[in-house]
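Notes for the one structure printed next.
Chain A is the first sequence line, chain B the second, and so forth, proteins listed ahead of strands; every chain is numbered from 1.
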Number of protein chains: 2
Amino acid sequence: MANHECVQLVPIFSELEADQLDTIEKIVRHHHYQAGETLFSAADALDQLMIVANGQVKVYQLAANGREQLLYLLQTGDIDGEAALFENQQRTSFAEALVPTDVCSIRREDFQALMQQYPSISIKVLNVFGKRLTQLERQTTSTATESVEARLANYLTETAAALKTDTFKLPIKKKDLATFLGTTPETISRKLTLFEQQGLITQQAGKVIKINDADQLLLTE
Amino acid sequence: MANHECVQLVPIFSELEADQLDTIEKIVRHHHYQAGETLFSAADALDQLMIVANGQVKVYQLAANGREQLLYLLQTGDIDGEAALFENQQRTSFAEALVPTDVCSIRREDFQALMQQYPSISIKVLNVFGKRLTQLERQTTSTATESVEARLANYLTETAAALKTDTFKLPIKKKDLATFLGTTPETISRKLTLFEQQGLITQQAGKVIKINDADQLLLTE
DNA sequence: TTAAAAACTTGACCGGCATCAAGAAATAAA
DNA sequence: TTTATTTCTTGATGCCGGTCAAGTTTTTAA
């Protein structure tokens, strides 16, 4: 089955040899989730490293008032669960498959043994942490200091830049995008309409968006 | 000089022997900053691990619109700069001493050599990352989904809990606290007055606050 | 101790955006 | 396909909290 090769999808194992990857494959567990299914909840013990072998997973938190905050959108090859692997913590987030998803997991002790054996893994994990920290710092600053309009404009230009195209389909539904940007679906609709009226974007059928003027979009305050 | 012992203040070196600490001391550089002085700016190259030997440092970002976001308040023994030590990135944050501060720094290549030599350091750094990620995830969720009132109430109860006392002095000025909580000094003043009118806290001279009803405070929406 | 500067408080105003509601569109199921 | 369900859009309304301003208190400097 294809997802048995999930280990080689993951950048943190990229410097290992084929036979070493085989060793890891043997300690990996495979799971399949349907769209909408919960992978883990905030109360769960945190003793697994999770690898998305195929699919899409949203990781989110719930605030005290019950509102949802989308933190990460995991794609094939992304990992999660490392954050607190090194402390005796509980999870603080929820994870839910957005589409049918294959996941591999490695138990905490197995992963720690791997890090002992292959020091390059630690370095890679530190890289992942660093990137994620940098991203979260930006997100915090952005939600706390910029308008919804500016955050949405940023999201659109960044997504276009990442995909290297000016026409793309929004990868998630507006409700999820809203919780990611710290706003509501209604406001996203309104702002997209506004951008279109300003000629900055064009909305096409099926959540497809074409960016007409990325420079001007970025000037949104 | 006392700050020559900064290395032993730092948890990431806590499992090393005395003679190993001596080795590290030799590669460490010492700096002193006055209150208000800038330690580094966002444009600076990121090639130093920074250790606060004595004092207090605020780490913040500037949004596109010029507004400030306080990310971390570093105390004696805290480190910073590791986030992107493992990628060839530039800094994205600014750091400024809030009081007269002694800082030790270790160059990137020296630190990486240390991690090679003493694997326990990598594990410790992973710990620091994990804690910081968890904290930032909470901060993002909080600023994006909860009211200013709730965020301030949380901050007060958490600070009290951390200091294990119900009467404490706000460690930073309101302007900085405002950028930390994603609000303004005026709103903080108003909300503190509100809490006092509700009997939840008592404000005393010199930014000293006494928490009268932490349970009720946490119920603030 | 006194003077100057910085930080804080309170008031008035108002705009951005959340909320509620109802209809339209798109997606999924039958 | 047709139907049912979910998602999206648009309008009306209200409030949280930001901004500007002026006075007060605290802190710093002389």
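- Residue order along DNA chain C, read from the 5' end via each residue's closest nucleotide, puts B/Ile172 first among B/Arg190 and B/Ile172.
- Summarising the geometry, the separation between CG on B/Leu98 and C1' on D/dT28 is reported as 16 Å, rounded to the nearest angstrom.
- When the nearest nucleotides of DNA chain C are assigned to A/Val148 and A/Glu186 by heavy-atom distance, the more 5′-ward of the two goes with A/Val148.
- Residue A/Lys58 comes nearest to A/Leu70 through the heavy atom pair CB-CD1, 3.6 Å, listed as atom of the first residue, atom of the second, then distance.
- Atom CD in A/Glu221 sits about 15 Å away from atom C1' in D/dG18, given to the nearest Å.
- If you check D/dC8, D/dG17, C/dC17 against the side chain of B/Thr187, the one that comes closest is D/dG17.
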* Would you sort out whether B/Asn212 and B/Thr202 count as a side-chain hydrogen bond (donor to acceptor under 3.5 Å, both in side chains), showing the intermediate values? => CA-CA 7 Å; B/Asn212 299 322; B/Thr202 307; 2.8 Å; yes
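- As a whole-Å value, the separation of B/Glu146 CD from D/dC16 P is 16 Å.
- A/Lys173 has a side-chain polar atom (N or O) that falls below the 4.0 Å cut-off from OP1 or OP2 of D/dT7.
- The separation between A/Asn65 atom CG and C/dT19 atom C1' is 14 Å, rounded to whole Å.
- Atom CG in B/Leu170 sits about 14 Å away from atom P in D/dT26, given to the nearest Å.
- In this structure the side chain of A/Thr179 never reaches within 4.5 angstrom of the side chain of A/Tyr60, judged on heavy atoms.
- Looking only at distances, a side-chain donor or acceptor of A/Glu196 sits under 3.5 Å from a matching main-chain atom of A/Gln203.
- Here C/dG16 presents its C1' atom at 15 Å from CD1 of A/Ile188, a figure rounded to the nearest Å.
- The closest side-chain heavy-atom distance from A/Glu96 to A/Phe94 is not below 4.5 Å.
- One finds a salt bridge joining A/Lys191 and A/Glu149 here, because a Lys/Arg side-chain nitrogen approaches an Asp/Glu carboxylate oxygen to under 4.0 Å.
- Separating the NZ atom of A/Lys169 from the C1' atom of D/dC8 is a distance of 14 Å, rounded to the nearest angstrom.
- Contacts between residues 177-184 of chain A and DNA chain C, defined by a heavy-atom separation under 4.0 Å, are made by A/Gly182, A/Thr183, A/Thr184.
- Counting heavy atoms from C-beta outward, B/Leu98 and B/Leu73 have side chains that approach closer than 4.5 Å.
- Heavy-atom distances under 4.0 Å link DNA chain D to A/Gln203, A/Lys207 of residues 203-210 of chain A, given in residue order.
- Note on A/Lys175: every side-chain N or O is 4.0 Å or more away from OP1 and OP2 of D/dT6.
- Side-chain nitrogen and oxygen atoms of A/Lys174 include at least one within less than 4.0 Å of the OP1 or OP2 phosphate oxygen of D/dT9.
- In this structure, the CG atom of A/Leu194 is 13 Å from the P atom of D/dG11, given to the nearest Å.
- Ionic pairing of A/Arg132 and A/Asp80 is present here: one or more N-O contacts between side-chain nitrogen and carboxylate oxygen are shorter than 4.0 angstrom.
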* To do: Could you check A/Ser14 against A/Lys124 for side-chain hydrogen bond (donor to acceptor under 3.5 Å, both in side chains), going step by step and ending with a plain yes or no?
  => CA-CA 9 Å; A/Ser14 65; A/Lys124 297 276 186 181; 3.1 Å; yes
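- Contact of the A/Arg107 side chain with the A/Gln48 side chain is registered, since non-hydrogen atoms from C-beta on lie closer than 4.5 Å.
- Close to C/dT10, at under 4.0 Å from its OP1 or OP2, lies a side-chain N or O of B/Thr193.
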